[in-house]
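Please read the structure below before turning to the comments.
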Amino acid sequence: ALHKSEVIPNVEMTETWARAGAVAHQVPPPKDTAATNITPDTLSISVGSVGSVGPTTTHTATATATDQDSQSAHDTFGLHYEDQPWLGGVFPDAERSCGGVSAITGPDQYVVPAQIKVPELTPINELELPPNCPSIVDGQENDQGSIIFSDECRRTLARRSLEAGLDASKSFAFDIAADHFMAGRKELGPNGWSVDPKTMLDLTSEGANASYRAGDVNQMDELIEDVLGRELSIEEKFRAYETKMLAEQAAGNYRVSVSLGLDVRRKLGLSAPPNKPVSTISSLAMYLRTKLALGRRTSEEIASLPILADKRQIMGQRMMEFILTGSYPSQPTLFPLCTFLMVNASLRYGINASSCEAFSNFGVILCAALGDPQRGREMGKAAELIIAKPGMSQKKCRTIFAVHGFIYHWTSSLQATLDPLLEGYRIGLDIGDNECAGWCLGLRLAHLFYSGRPLCDSAVADTIALHVDNQHWDKYTELFLQIYFIAIKKLRGLESEDGERGFDDIIEEANINFDAKLLNRAVFAIQLELQVLMGEWDQAEKLVSEDGDAKVAGPFAGVRCTFLKSLVCLKAAQSSSGITSWKWKRRALKSYKLIRAWEKAKSGNTTHALHLLNAELAVLEFNYNRAQNEYKSAIAVAARNGFLQDQALANELASAYFDRRGLDCSRDRHLEAAIKCYSEWGAAAKVRLID
């Protein structure tokens, strides 16, 4: 499916979508064009080059309704076929058509084709021999009757294939690029590594990457092993290592990816910590060193640092990017240490595209772990300023993911992150970074859920549709999205279909594929959310008891989970007595103090939550006047900031409070308001439960 919001008569479609079978909507041409002169007697159409997405050329197909050739046929785009029409190509034997495979109609039926613009790439069959190339050796042919070319001519052809493949990769036509790279390897022949080692290395390394992007894992593995199995320098093998790490992460092998990245850094002669848990003392020492090196630099001053030129340091920073991505789900304590190392390297040697990830992740740590959201926001702004520099745009998707998914929600509205995350998703698809596109989509769905948008809102439905249509998600993102799909279906009261995953299935599958600590935390957070919203306080109390004092830091889900744990502990303290009540209250206050500290950033995302906790704490301490005022404030602030589900929850808890006080009118008024809010949110299952 097209990720564009609509299709118009002059369709601009990338080859990525054209290859996926996305056929443009067919419409009549404007009346002032030459197409109005088309008759059943003559048809002239403009299509792409044969079997490729090459430069647009014009071919004329002429037929009459009384054509005597009984074998003549046209497809539904009016393209003429003489034989093998089932291939769906522009000409006989063509393998691809910009319109996909279409049905065959009679010669008297014509459909005006949509005008599809595709990247101007060079088709393989147009890579002709250069003039005066010594193309034949002694005029001989091999056993199969093919002409034997000289080494010089083979080098020339292979380099042309390399250039064509690189052009295709820049246009994100990765399957076309892979074809060019493989053709270049074939042109160099079985002894290509001795004929032209530099070109053969580039063809093989870039071919592996293009094969990975196109989804041909077997060909990718073959090409990677061809490079890594040879006696080459680490710099020459670097591109193959990049692709191998991408593939490992996409398969969920995060620990393997981290180990590989650390090993490459060591081979480059750069420092690399061991792939094991890092002590708090070690992380704190590196943080203090980084803080001292950074000083009071503003975001503008950071973005004005010199550009990194040391090739070895550039490779080392790139490896750190992969290590950060892999360590977050598999070795979380390694994440801050590697972030500090990247920031220090940027300050010492200069900034490059990798520095965007360094400073944005540093901002995440400052916000979530060190309690300094304002300084964290400054680091996020530095990453955005760096990404605006020439040559840095390839990191835009990942910068959006980190900044709007993990930093800005601490200091600004959660609603304000929705559009940027959608933009990050689209940018990721456009540049071929499907993995990060999936991450942006996953966080956007989480923010849609927590920000109070209706569960049946078109934005939620669109996110689900995008997930279903895209086949490039890594396993972690796929399972992460499924967690929220389950929650939405349960709240809406929709039945699960046969074969659908449950929470236990997600955890089991995650544990098989990778270290699932973070995904387990995400499941815990959403299960606690459902139990609180559905009024299952006993189950929620049990879940919190089993969880201990573990935290979910970074994304807004961590903030939300901290609030819910405090709320559950306060409800447990209210329903118990003596030492048990005191223990629950003490535990509630730990999370309560975190919420109160975060509220100082004035983001507006936790204000109503703090009021609600204040109300429940006042109930526990028999301060009834304060309890009523705090309930009123929680309801008003939640309504003003758009947190519809929390407006409903606050009304429901207020209703229960007034019920215990014997104030029936206030009880009924708040219960009706709760039902109204839950209904508007789309939580039909909750409404039925209250009724």
- Item | Any residue meeting side-chain hydrogen bond (donor to acceptor under 3.5 Å, both in side chains) with T399, in chain and number order, not counting sequence neighbours |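 Residues passing side-chain hydrogen bond (donor to acceptor under 3.5 Å, both in side chains) with T399: none at all.
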Check whether any side-chain heavy atom of [X] lies under 4.5 Å from a side-chain heavy atom of [Y], and answer yes or no.
X	Y	result
S259	L262	no
I483	L479	no
F480	L445	no
N352	R318	no
S299	M379	no
T325	E357	yes
K237	R230	no
K267	Y241	yes

I need the minimum non-hydrogen distance between [X] and [Y], along with the two atoms involved.
X	Y	value
A601	Q374	O-NE2, 4.1 Å
H409	P555	NE2-C, 3.6 Å
L347	R297	CD2-NH1, 3.8 Å
C356	I387	SG-CD1, 3.4 Å
S603	W410	CB-O, 3.3 Å

- ring-ring contact (aromatic ring centres under 6.0 Å, His included) partners of Y287, counting only residues at least two apart: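 ring-ring contact (aromatic ring centres under 6.0 Å, His included) list for Y287, sorted by chain: F340.
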Checking [X] side chain against [Y] main chain: does a donor-acceptor pair fall under 3.5 Å?
X	Y	result
T290	M286	yes
Q249	F322	yes
S327	L324	yes
D433	C436	yes
R255	S330	yes
R155	V195	yes
S413	Q415	yes
S283	T280	no
S451	L448	yes
E187	R154	no

- Query: Run the side chain to side chain contact (heavy atoms under 4.5 Å, CB included) check on E423 and K396 step by step: do they pass?
  - Reply: CA-CA 10 Å; E423 180 191 10; K396 190 171 184 179; 3.8 Å; yes
- Residue R266 excluded, over 12 heavy atoms near CZ under 6.0 Å: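 Counting other residues, nucleotides and ligands, CZ of R266 exceeds 12 neighbours.
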- Message: I need the N434 CG to L246 CG distance, nearest 0.5 Å.
- Response: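 One finds 11.0 Å between CG of N434 and CG of L246.
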- Query: Hey, what's the ring geometry for F401 with W439, parallel, tilted or perpendicular (30° and 60° as the breaks)?
  - Reply: tilted
- Aromatic rings H404 and Y408: how do their planes relate, parallel, tilted or perpendicular, breaks at 30° and 60°?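 Answer is perpendicular, since the angle exceeds 60°.
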- Task: Would you mind telling me which of R239, E206, E236 makes a side-chain contact (heavy atoms from CB on, under 4.5 Å) with L201?
- Result: E236
- Note: E435-R398 ion pair, threshold 4.0 Å (strictly below): yes
- Message: I'd like to know if K291 and D372 make a salt bridge, using a cut-off of under 4.0 Å between side-chain N and carboxylate O.
- Response: no
- Query: Does the side chain of E242 pick up a donor-acceptor pair with the side chain of S205 at under 3.5 Å?
  - Reply: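 No, S205 and E242 have no side-chain donor paired with an acceptor closer than 3.5 Å.
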- Evaluate the side-chain hydrogen bond (donor to acceptor under 3.5 Å, both in side chains) criterion for residues S211 and Q219: first the C-alpha distance (whole Å), next the side-chain angles of each, then the deciding distance (0.1 Å), finally the verdict. CA-CA 6 Å; S211 298; Q219 183 168 283; 2.8 Å; yes
- Query: V559 and T606: side chain to side chain contact (heavy atoms under 4.5 Å, CB included), yes or no, with the steps?
  - Reply: CA-CA 8 Å; V559 177; T606 56; 3.5 Å; yes
- Query: Going through the distances and angles, do Q317 and S346 end up as a side chain to side chain contact (heavy atoms under 4.5 Å, CB included)?
  - Reply: CA-CA 9 Å; Q317 290 284 73; S346 295; 3.3 Å; yes
- Message: Run the side chain to side chain contact (heavy atoms under 4.5 Å, CB included) test on L223 and F181 for me, step by step, so that the C-alpha distance in whole Å, both residues' side-chain angles and the decisive distance to 0.1 Å come before the verdict.
- Response: CA-CA 11 Å; L223 295 174; F181 294 134; over 6 Å; no
